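Okay, here's the structure, questions in a sec.
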There are 2 protein chains.
Amino acid sequence: MEPKGTTIDEQAVNRVRAGLIDALTATRLAEAFAALSDPTRVLIISALLEGELCVFDLAAVLGLSQSATSHQLRILRHLNLVRTRKEGRLVYYALDDEHIRDLFQRGLEHVRHR
Amino acid sequence: MEPKGTTIDEQAVNRVRAGLIDALTATRLAEAFAALSDPTRVLIISALLEGELCVFDLAAVLGLSQSATSHQLRILRHLNLVRTRKEGRLVYYALDDEHIRDLFQRGLEHVRHR
DNA sequence: CCAATGTATGAATGTTCGCTCATATATTCA
DNA sequence: TGAATATATGAGCGAACATTCATACATTGG
């Protein structure tokens, strides 16, 4: 085995590089995780685990302003973490699919497993 | 069923609030997801999926400066996503446990499922 | 011990982000 | 139609973040 010197272990580097996800996927993935990188948005997802809620009630649950709630919901909406259903002047938000639930639970396991 | 008025649906709000995760957990969870909220760190995790790497080779794989790589690794280290093994003057980084792999894969599924 | 190598970290900087405030849009009701 | 309600959004501000640059720390070899 060649000793480590000033030069890079090119063989290992090239092998790893070949298995890397591409830059676009990395960016998309980072965006998805970024959606859950704020305590407020985490709480929104936590609330929606129980079922759909309109913006007004969601704001009440979180003790947050309606404006701030709406801003955060927009982020989650654009990243396809939640979907909307309009009913009169109310807009109900719900988790987009079950993947979100899974992702959230995996995160919880990591946090609680320390 | 009572019509929605200017007041909050207190029953629903209280029920949802009772099921919410607590603020500290929300913060911790947000921090965990924040660890993966940057393309560079996502690529680092992607690289480490193949096995452990020293900082120098990792920087080469990513085409990133050694300093930037080290800064990002510190974040991942402090959030327990990676662990280190020292061997001489080299420090090898590896994924901390299999949960990270799972979390990463779930994220990938979400991104690719759109 | 001294120079070289691998890694870590503090300061500085440009950018992003979350909230508030003000305001706009949409829907219902009188 | 006009007032009230529900939601959305743009501007602005302070905080947090990713990178670079310079430098410090640690380990090995001569």
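The structure displayed is predicted, hence computed values, not measured ones. Lettering of chains follows the sequences in order, A, B, ..., and the numbering in each one begins at 1. Hydrogens, waters and symmetry mates play no part in the numbers below; they use all other heavy atoms, side chains included.
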### Task
Taking all non-hydrogen atoms of both residues into account, name the closest pair between G107(B) and L103(A) and its distance.
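Scanning both residues completely, I find the closest heavy atoms to be N-CD1, 3.7 Å.
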### Task
Rounded to the nearest angstrom, tell me the gap between atom CG in L76(B) and atom C1' in dC17(D).
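It is 14 Å, rounded to the nearest whole Å.
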Could you give the side-chain donor-acceptor pairs of residues 29-39 of chain B under 3.5 Å, partners two or more places apart or in another chain?
| from | atom 1 | to | atom 2 | distance (Å) |
| --- | --- | --- | --- | --- |
| S37(B) | OG | A34(B) | O | 2.7 |
| D38(B) | OD2 | T40(B) | N | 3.0 |
| D38(B) | OD2 | R41(B) | N | 3.4 |

### Query
Counting any heavy atom closer than 4.0 Å, what does T40(B) reach on the DNA or RNA strands: base, sugar-phosphate only, or nothing?
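Sugar-phosphate contact only.
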### Query
Nearest heavy-atom pair of I100(B) and N80(B): which atoms, and what distance?
CD1-O, 4.4 Å
### Query
Between N14(B) and E10(B), is there a donor-acceptor pair closer than 3.5 Å when you use the side chain of the first and the backbone of the second?
yes
Nucleotide N/O to protein N/O under 3.5 Å, stretch nucleotides 26-30 of chain C:
| from | atom 1 | to | atom 2 | distance (Å) |
| --- | --- | --- | --- | --- |
| dA26(C) | O3' | K86(A) | NZ | 3.4 |
| dT27(C) | OP1 | K86(A) | NZ | 3.1 |

### Query
Tell me: CD of Q66(A) to P of dC21(C), nearest whole Å?
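From Q66(A) CD to dC21(C) P: 13 Å.
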### Query
In whole angstrom, what separates L62(A)'s CG from dT7(D)'s P?
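The answer, rounded to whole Å, is 13 Å.
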Scan nucleotides 12-14 of chain C against the protein and return all N/O pairs shorter than 3.5 Å with their distances rounded to 0.1 Å.
none

### Query
Between S65(B) and dT20(D), is there a side-chain N or O to OP1/OP2 distance below 4.0 Å?
yes
#### Entry: Residues within residues 26-39 of chain A bordering DNA chain C, heavy-atom distance below 4.0 Å
D38(A)
### Task
For H78(A) and dG18(C), give me the distance from atom NE2 to atom P, rounded to whole Å.
14 Å
### Message
Using every non-hydrogen atom in the two residues, find where A60(A) and R17(B) come nearest and quote the distance to one decimal.
### Response
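The pair with the smallest heavy-atom distance is O-NH2, 2.7 Å.
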### Nearest heavy atoms of G19(B) and E50(A), plus distance in Å
CA-OE2, 3.2 Å
### Message
I'd like to know if the side chain of R101(B) and the backbone of L49(B) have a donor-acceptor N/O pair within less than 3.5 Å.
### Response
yes
### Query
Taking CG from L73(A) and P from dA6(D), how many angstroms apart are they, rounded to a whole number?
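Nearest whole value for this atom pair: 16 Å.
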### Query
Do you know the tightest heavy-atom contact between L81(B) and H110(A)?
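Where L81(B) meets H110(A) most closely, the heavy atoms are CD2-NE2, 3.9 Å.
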### Query
How many Å lie between CZ on F56(B) and P on dT28(D), as a whole number?
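Rounding to the nearest Å, CZ of F56(B) and P of dT28(D) are 17 Å apart.
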### Task
Determine the contact category for L58(B): base if any of its heavy atoms lies under 4.0 Å from a base atom, sugar-phosphate if only primed atoms, P, OP1 or OP2 are that close, otherwise nothing.
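Nothing, no heavy atom under 4.0 Å.
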### Message
If the cut-off is 4.0 Å, is Y93(B) near the phosphate of dG6(C), judged by side-chain N/O to OP1 or OP2?
### Response
no
### Query
What is the minimum heavy-atom distance between S46(B) and L20(A), and which atoms define it?
OG-CD2, 3.3 Å
### Task
Report yes or no: does T69(A) contribute a side-chain atom to a donor-acceptor pair with the main-chain N or O of S65(A) at less than 3.5 Å?
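Yes, the answer is positive, given that a donor and an acceptor are paired below the 3.5 Å cut-off.
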### Task
State which residues pass side-chain hydrogen bond (donor to acceptor under 3.5 Å, both in side chains) with T25(A); sequence neighbours excluded, sorted by chain then number.
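Checked T25(A) against side-chain hydrogen bond (donor to acceptor under 3.5 Å, both in side chains); matches are D22(A).
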Please list, pair by pair, any protein nitrogen or oxygen found under 3.5 Å from a nitrogen or oxygen in nucleotides 10-13 of chain D.
| from | atom 1 | to | atom 2 | distance (Å) |
| --- | --- | --- | --- | --- |
| dG10(D) | O6 | H71(A) | NE2 | 2.9 |

### Message
Atom CZ of residue position R28(A) - does it have more than 12 heavy atoms of other residues, nucleotides or ligands inside 6.0 Å?
### Response
no
### Query
Under 4.5 Å between any side-chain heavy atoms of I21(A) and F104(B), yes or no?
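Yes, close enough: below the 4.5 Å cut-off.
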### Message
Rounding to an integer number of Å, can you tell me how far L64(A) CG sits from dA6(D) C1'?
### Response
16 Å
### Message
On the nucleotide dT9(D), are OP1 or OP2 found under 4.0 Å from the side-chain N or O atoms that R77(A) carries?
### Response
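Answer yes for this pair, as a side-chain N or O of R77(A) is under 4.0 Å from OP1 or OP2.
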### Summary
When rounded to whole Å, the CZ to P distance for the pair R85(B) and dA26(D) reads 20 Å
### Message
Whether Q72(A) contacts dC19(C) is assessed here as follows: a side-chain N or O lying under 4.0 Å from the phosphate OP1 or OP2. Is that the case?
### Response
yes
### Message
When you compare the side chains of R77(A) and Y93(A), does any donor N or O come within less than 3.5 Å of an acceptor on the partner?
### Response
yes
